[in-house]
Visitor: 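Let me give you the structure first, and then I'll get to my questions.
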Amino acid sequence: RWAVSVLVDGSFLRSDATHPPIEGPQMSHIATVTADLELRLVVPGGPSLPVLAGLRYSADDPWAVTVTFQTGGEGDGIVEWMFARQLLTEGVAGPVGEGDVRVWPEIHSGERVVNLAMASPSGAALFEIDRDDLVEFLQQTYLAVPTGSEGTVVDLDAELARLLAD
């Protein structure tokens with residue numbers, strides 16, 4: 001359900017749910033972490049509906065996690081949201097966020113879940129994510145880029161120059 005792309009001394013390796021995580025030198029550079037998870041869309045007054053979501057973290061944008069929802073709707077049926085990694089991390093332990101995105105933990109029917117509430121001009125949705133699956137994904141992202149070292153993997157001066165040049 002999750003995968004990690006790792007660059008170790010110039011060699012590309014892969015770890016996924018069927019292969020144990022790669023153990024090796026602390027100097028490993030994990031390029032991306034992805035997970036395909038089944039979330040539950042909370043339907044007021046009805047049973048929750050399963051929704052396939054892809055979570056992606058890239059060291060290229062170390063502060064963000066992208067969540068891609070398979071909606072089956074018009075066009076390609078895909079909706080993407082980008083969240084701060086820290087928002088999801090803090091939401092595992094307690095309520096966080098305001099406005100369009102809120103995250104909080106809960107025990108629902110004996111299961112530990114993390115709620116993800118999102119709102120946009122086109123509507124609102126509440127999803128439940130299995131807490132353990134989300135924690136596993138987040139742990140892998142922190143192996144890729146530890147807290148506080150995000151700025152060391154991004155050349156902020158180059159990014160600023162690129163933005164100002166546009």
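Worth saying up front: this structure is predicted, and the values here are computed from it rather than measured. All residue numbers in this chain count up from 1 along the given sequence.
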Visitor: Should Val43 and Phe127 be counted in the same cluster of Ile, Leu, Val, Met, Phe, Trp and Tyr side chains packed under 4.5 Å apart?
Guide: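 Val43 clusters together with Phe127.
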Visitor: From Phe83 CZ over to Asp100 CG, what is the distance, rounded to the nearest 0.5 angstrom?
Guide: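 It comes to 10.0 Å.
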Visitor: Look up atom CG in Leu52 and atom CD in Glu38, then write down how far apart they are to the nearest 0.5 Å.
Guide: 7.5 Å
Visitor: Is it true that Phe137 and Val135 fall in one hydrophobic cluster, defined by side-chain heavy atoms closer than 4.5 Å?
Guide: yes
Visitor: Are any non-hydrogen side-chain atoms of Trp81 and Leu116 less than 4.5 angstrom apart?
Guide: no
Visitor: Take Glu90 and Val103, measure what side chain to side chain contact (heavy atoms under 4.5 Å, CB included) needs, and give me the verdict at the end.
Guide: CA-CA 8 Å; Glu90 291 176 8; Val103 184; over 6 Å; no
Visitor: Between atom CZ of Arg112 and atom CG of Asp133, what is the distance when rounded to the nearest 0.5 Å?
Guide: 11.5 Å
Visitor: Closest heavy-atom contact between Val42 and Ser48?
Guide: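 Val42 and Ser48 have their closest heavy atoms at CA-CB, 4.4 Å.
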Visitor: Working to the nearest 0.5 Å, report the span between CZ of Arg56 and CG of Asp36.
Guide: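 Here the interatomic distance stands at 12.0 Å.
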Visitor: Starting at CD of Glu111, measure out to CD of Glu128 and round the result to the nearest 0.5 Å.
Guide: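 Between atom CD of Glu111 and atom CD of Glu128 there are 8.0 Å.
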Visitor: If I compare all heavy atoms of Leu138 with all of Val92, which pair ends up nearest, and what's the gap?
Guide: CD1-CG2, 4.0 Å
Visitor: Do Val79 and Leu87 belong to the same hydrophobic cluster, where Ile, Leu, Val, Met, Phe, Trp and Tyr are linked whenever their side-chain heavy atoms lie under 4.5 Å apart, directly or via other members?
Guide: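 Linked, Val79 and Leu87 end up in one cluster.
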Visitor: Quick one: do Asp61 and Trp63 satisfy side chain to side chain contact (heavy atoms under 4.5 Å, CB included)? Show the steps, please.
Guide: CA-CA 6 Å; Asp61 188 356; Trp63 292 279; 4.3 Å; yes
Visitor: Between Pro105 and Pro95, what is the shortest heavy-atom contact and its length?
Guide: CD-N, 4.0 Å
Visitor: Could you check if a side-chain atom of Arg131 sits within less than 4.5 angstrom of a side-chain atom of Val113, using non-hydrogen atoms only?
Guide: no
Visitor: Closest heavy-atom contact between Ala53 and Val67?
Guide: CB-CG1, 4.1 Å
Visitor: Are Val101 and Val51 co-members of a hydrophobic cluster defined by side-chain heavy atoms under 4.5 Å apart?
Guide: yes
Visitor: Do the side chains of Leu134 and Leu55 get nearer than 4.5 Å, heavy atoms only?
Guide: yes
Visitor: If we only count heavy atoms from C-beta on, is the Leu37 to Asp130 side-chain gap below 4.5 Å?
Guide: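 Sidechains of Asp130 and Leu37: no contact.
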Visitor: On a heavy-atom basis, which atom in Arg85 and which in Thr141 lie closest, and how many Å separate them?
Guide: NH1-O, 3.0 Å
Visitor: Would you indicate whether the side-chain heavy atoms of Pro62 and Tyr57 approach each other to under 4.5 Å?
Guide: yes
Visitor: Check the hydrophobic clustering (I, L, V, M, F, W, Y; side-chain heavy atoms under 4.5 Å; chains of links allowed) and say if Val96 and Val114 are grouped together.
Guide: yes
